Undergrad: 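So that we are looking at the same thing, I have put the structure below in structure tokens.
Computation of the quantities below employed the complete heavy-atom set of this structure, encompassing side-chain atoms and omitting hydrogens, waters and symmetry-equivalent molecules. Since we're looking at a predicted model, the values are computed, not measured.
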Amino acid sequence: MSFDQVIDRRGTDSSKWDLMESFSGVSPQDGIPMWVADMDFAAPDFLQDAVRGLLEKANYGYFSGMETYQDAVKWWMQHRHNWSVEADWMFVTYGLGNGIAMTLHAFSAPGDAVVTFTPVYHEFAAKIAKTGRVNTQLPLTIQADGTYAMDFDAYDALLTGNEKIVLISSPHNPAGRVWSQDELTALADFCTRHDLLLVSDEIHHDLIRPGHTFLPTHVAVPQITDRLITMTSGSKTFNIAGARTGCVMIPDPDLRTRFGAFYRSLDISPNLLGITLTHAAYSPAGALWVDGLVAYLDRNATLFNDRINAIPGVRAMPMQSTYLAWVDFADTGMTSDEILDRIHRDARIAPTPGSGLGKGGESFMRFNIATPRARLVEACDRLADAFKDLQ
């Protein structure tokens, strides 16, 4: 397929498009949604064929065959990430948000604190609040190359002593940082030093720009297997979030027993569509498609960042992964409300305001660039025009 194909998603019950106006005031009739982490590309043939296979069976009842799903996950993790996983590590959840919430319930109590490195994906804070836990926000620092880093020397003094869990985004959402071996080792040491469970959300792990290498946390720091839970899914890679299927990986048997007891108490079981789509995605055909997708997103990132960085006072953080651009407007001298007003009213674009992603995000906006290039060019033109007085 061609990623350049522009498809009209308006009126299709797409959250990204049909809820844009209620979220931002920008109409889908002439607006460009760049907020929800959802790609504007048509589903590839191997996914369409999988759905047609379900239609041809004409049977949507109880199903078996979980072994084929587990084998597909095992194959994908080994061939794409050099990670050998076992079937009994896997718990299928209703997406990773559900997996995160269940982990908080299973391994902490109301009032306990959960560590996040901010700014970070807004749903982390939402899940912590909804489960009655407390968010200990540890601010990321900006390095000389413009990327984020974790400062563990500073973090030791910022803990309250009530923390039970560290929740990390790897690769990092919103800035796309790919954490290095040294950084993950330092994170493992931090968790061990403070007796913290590490929950690693690795949902963007397939979307890595050329020149960077993603390390699954379990591969990087196997020494903390006894305090590690990993979250994975094909939902971002293949744009199948509507199938509500995530995978919680727990290699340690004691942690697995504790989580499994809570999991079974909720009577959770996978859904047929999600299992079918994931099995079709985690395949040689899926691997070939992802290679093409990553190359396309890489060119989109170069285009968007170059255009954004040409606006005085505006700077895109260097992207190492994902399809989410993290843009700092601090040096424009404008308030976040003034910036957002220009983007909404003048550019007719709906980004994600960084103020909702925790401490350190106040001057930033997050832009989803996973869209056909013609639409991305239009978005860049609109942003340049909206801030033309800074030229």
Side-chain angles (χ1 to χ4, degrees), residues 44-47 49-50 64-93 95-96 99 103 168-172 178-181 183-185 187-188 198-241 243 245-253 255-256 259-260 270 274-295 297-298 320-322:
D45 289 344
F46 54 87
L47 294 185
D49 290 343
S64 60
M66 276 298 294
E67 295 83 1
T68 59
Y69 164 85
Q70 293 165 339
D71 287 345
V73 173
K74 289 167 63 177
W75 180 87
W76 188 263
M77 297 305 164
Q78 183 65 60
H79 284 76
R80 301 297 289 190
H81 300 292
N82 197 30
W83 183 21
S84 297
V85 304
E86 301 296 336
D88 63 355
W89 297 0
M90 304 177 196
F91 294 87
V92 180
T93 62
L96 289 198
T103 300
I168 190 170
S169 177
S170 180
H172 180 257
V178 178
W179 306 115
S180 69
Q181 174 68 65
E183 288 170 314
L184 292 173
T185 299
L187 173 62
L198 177 59
V199 179
S200 183
D201 177 352
E202 302 186 358
I203 198 168
H204 292 279
H205 61 177
D206 293 311
L207 306 174
I208 309 300
R209 294 190 72 185
H212 301 279
T213 301
F214 170 77
L215 284 172
T217 306
H218 186 236
V219 172
V221 286
Q223 66 269 29
I224 62 160
T225 295
D226 63 343
R227 61 176 71 248
L228 175 64
I229 294 176
T230 303
M231 307 273 173
T232 71
S233 176
S235 59
K236 290 292 181 272
T237 307
F238 297 96
N239 217 49
I240 53 175
T245 300
C247 188
V248 175
M249 301 274 201
I250 309 180
D252 180 73
L255 293 180
R256 200 160 58 237
F259 184 84
I275 292 299
T276 300
L277 287 175
T278 303
H279 178 251
Y282 285 166
S283 65
L288 184 64
W289 184 82
V290 171
D291 288 343
L293 170 67
V294 168
L297 293 176
D298 179 56
Q320 299 176 348
S321 66
T322 81

Undergrad: Give a yes or no answer on whether the side chain of Thr225 reaches the backbone of Pro222 with a donor-acceptor pair at less than 3.5 Å.
TA: yes
Undergrad: Does the ring center of Phe238 lie less than 6.0 Å from the ring center of Trp289?
TA: yes
Undergrad: When you compare the side chains of Trp83 and His218, does any donor N or O come within less than 3.5 Å of an acceptor on the partner?
TA: yes
Undergrad: Are the side chain of Glu86 and the backbone of Pro251 linked by a donor-acceptor contact shorter than 3.5 Å?
TA: no
Undergrad: Is Arg227 reaching over with its side chain to a backbone N or O of Leu198, donor-acceptor style, under 3.5 angstrom?
TA: no
Undergrad: Minimum heavy-atom separation for Pro171 to Ser321, with atom names?
TA: CB-OG, 3.1 Å
Undergrad: Does the side chain of Gln320 reach to within under 4.5 Å of the side chain of Arg209, using non-hydrogen atoms?
TA: no
Undergrad: Applying side chain to side chain contact (heavy atoms under 4.5 Å, CB included) to Val219 and Asn82, what does each step give before you reach the verdict?
TA: CA-CA 8 Å; Val219 172; Asn82 197 30; 5.6 Å; no
Undergrad: Looking at Asp291 and Leu293, would you say the former's side chain and the latter's main chain have a donor-acceptor pair under 3.5 Å?
TA: no
Undergrad: Give, for atom CG of Leu288 and atom OG of Ser283, the distance between the pair rounded to the nearest 0.5 Å.
TA: 9.5 Å
Undergrad: Minimum heavy-atom separation for Ala188 to Gln223, with atom names?
TA: CB-NE2, 4.4 Å
Undergrad: In Å and rounded to the nearest 0.5 Å, what is the CZ to CE distance from Phe91 to Met249?
TA: 11.5 Å
Undergrad: Under the criterion side chain to side chain contact (heavy atoms under 4.5 Å, CB included), I'd like the reasoning laid out for Ile168 against Val199: C-alpha separation, chi angles, the key distance, then a yes or no.
TA: CA-CA 6 Å; Ile168 190 170; Val199 179; over 6 Å; no
Undergrad: Without hydrogens or angle criteria, can the side chains of Ser170 and Glu202 be said to hold a donor-acceptor pair below 3.5 Å?
TA: no
Undergrad: Do Thr213 and Ile208 come close enough that some side-chain heavy atom pair is under 4.5 Å?
TA: no
Undergrad: Could you report the tightest heavy-atom contact between Val248 and Met231, atom names first, then the distance?
TA: CG2-SD, 3.5 Å
Undergrad: Which atom names give the shortest non-hydrogen contact between Ser233 and Leu96, and what distance separates them?
TA: CB-CG, 4.1 Å
Undergrad: Check Ala243 against Gly274 and note the closest heavy-atom contact, atom names and distance.
TA: CB-CA, 3.7 Å
Undergrad: State, yes or no, whether a side-chain contact exists between Ile224 and Val221 at a heavy-atom distance under 4.5 Å.
TA: yes
Undergrad: Quick one: pull up CE in Met66 and NE2 in His279 and give me the separation to the nearest 0.5 Å.
TA: 11.0 Å
Undergrad: What distance do Asp206 atom CG and Tyr282 atom OH have between them, rounded to the nearest 0.5 Å?
TA: 6.0 Å
Undergrad: Walk me through whether Thr237 and Val290 qualify under side chain to side chain contact (heavy atoms under 4.5 Å, CB included).
TA: CA-CA 7 Å; Thr237 307; Val290 171; 3.5 Å; yes
Undergrad: How long is the straight-line distance from CD of Gln70 back to CH2 of Trp89, given to the nearest 0.5 Å?
TA: 13.0 Å
Undergrad: Do His79 side-chain atoms and Trp75 backbone N/O form a donor-acceptor pair below 3.5 Å?
TA: yes
Undergrad: Just wondering, do Thr245 and Val92 contact through their side chains at under 4.5 Å, heavy atoms?
TA: yes
Undergrad: Less than 4.5 Å apart, any side-chain heavy atom of Arg80 and any of His205?
TA: no
Undergrad: Kindly indicate, with the supporting measurements, whether the criterion side chain to side chain contact (heavy atoms under 4.5 Å, CB included) is fulfilled by Thr232 and Met77.
TA: CA-CA 10 Å; Thr232 71; Met77 297 305 164; 3.7 Å; yes
Undergrad: Do Thr103 and Phe259 make a side-chain contact, defined as non-hydrogen atoms from C-beta onward lying under 4.5 Å apart?
TA: yes
Undergrad: Leu184 and Leu215: which non-hydrogen atoms are nearest, and at how many Å?
TA: CD1-O, 3.9 Å
Undergrad: Rounded to the nearest 0.5 Å, how far apart are CG of Asp252 and CG of Asp226?
TA: 6.0 Å
